Trainee: 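What follows is a structure written as structure tokens; I'll ask about it next.
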Amino acid sequence: MATAERTIPADHPAAQGHFPGNPVIPGAVLLAEALGAIEAGLGMSLASCRIKSAKFLAPARPGDRVAIEFSRLAAGGVRFACVVGTRAVLRGELQCEPTPAEA
């Protein structure tokens, strides 16, 4: 399993107004950070992948340090989780089609 860390900036523009007085990082932003970390960590494009599952378990907040854990699956997919401290905030799986060089 590989791990990448990202810190969501306290002044992240997506948190403004999402939600006033109780800011959270939108799931789309968290998912985009995870996918970017997976691409960089595996050194591959995820263009041939689809999101098989993504479950948002708890809110991530501006200023949080997010550990993005991921591993390749034997069937060609990728399993991942985003963790803040000891609390999982997102778990998911990608299904990737083999590219011609892998087939």
Side-chain angles (χ1 to χ4, degrees):
M1 179 175 302
T3 302
E5 287 195 5
R6 299 287 190 273
T7 299
I8 308 295
D11 61 349
H12 194 286
Q16 295 175 11
H18 198 266
F19 299 96
N22 188 23
V24 298
I25 297 301
V29 172
L30 190 59
L31 187 56
E33 289 291 330
L35 295 175
I38 293 166
E39 276 190 324
L42 296 178
M44 63 179 267
S45 169
L46 299 180
S48 68
C49 300
R50 67 177 181 85
I51 299 169
K52 184 175 179 180
S53 66
K55 184 164 184 161
F56 299 91
L57 305 165
R61 303 204 178 273
D64 280 350
R65 174 174 277 147
V66 180
I68 303 163
E69 303 167 345
F70 55 94
S71 58
R72 301 248 354 212
L73 302 172
V78 178
R79 184 171 289 137
F80 63 94
C82 294
V83 180
V84 174
T86 60
R87 176 187 48 143
V89 296
L90 167 62
R91 288 193 193 282
E93 189 173 320
L94 304 175
Q95 180 60 51
C96 302
E97 299 298 324
T99 60
E102 295 176 20

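Worth saying up front: this structure is predicted, and the values here are computed from it rather than measured.
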Trainee: How would you list, by chain and number, every residue that makes a side chain to side chain contact (heavy atoms under 4.5 Å, CB included) with Leu42, sequence neighbours excluded?
Mentor: Ile38, Met44, Phe70, Arg72, Val78
Trainee: Any heavy-atom pair between the side chains of Glu5 and Val66 that's under 4.5 Å?
Mentor: no
Trainee: Can you find a pair of side-chain heavy atoms, one from Arg6 and one from Ile68, that are under 4.5 Å apart?
Mentor: yes
Trainee: For Arg87, enumerate each residue passing the side-chain hydrogen bond (donor to acceptor under 3.5 Å, both in side chains) test, keeping only those at least two apart in sequence or located in another chain.
Mentor: none
Trainee: Just grab all the disulfide (SG to SG under 2.5 Å) pairs involving residues 14-82, residues at least two apart or on different chains.
Mentor: Cys49-Cys96
Trainee: If you compare all heavy atoms of Met1 against all heavy atoms of Ser71, which two are closest, and at what distance to 0.1 Å?
Mentor: CA-CB, 4.1 Å
Trainee: Is the backbone of Glu97 close enough, under 3.5 Å, to the side chain of Ser48 for a donor and an acceptor to pair up by distance?
Mentor: yes
Trainee: Just by modelled atom types, is the Thr3 backbone N or O under 3.5 Å from a matching donor or acceptor in the Glu69 side chain?
Mentor: no
Trainee: When clusters are formed from ILVMFWY side-chain contacts under 4.5 Å, directly or step by step, what else is grouped with Leu57?
Mentor: none
Trainee: Taking the side chain as C-beta and beyond, is there a heavy-atom pair between Glu93 and Leu73 under 4.5 Å?
Mentor: yes
Trainee: Check side chain to side chain contact (heavy atoms under 4.5 Å, CB included) between Thr7 and all other residues, then give those that pass, not counting sequence neighbours.
Mentor: Arg65
Trainee: Cut-off 3.5 Å, no hydrogens considered: what does the side-chain donor-acceptor table look like for residues 8-34, sequence neighbours left out?
Mentor:
{"residue": "His12", "atom": "ND1", "partner": "Ala14", "partner atom": "N", "Å": "3.0"}
{"residue": "His18", "atom": "ND1", "partner": "Val24", "partner atom": "O", "Å": "3.4"}
{"residue": "Asn22", "atom": "OD1", "partner": "Arg61", "partner atom": "NH1", "Å": "3.0"}

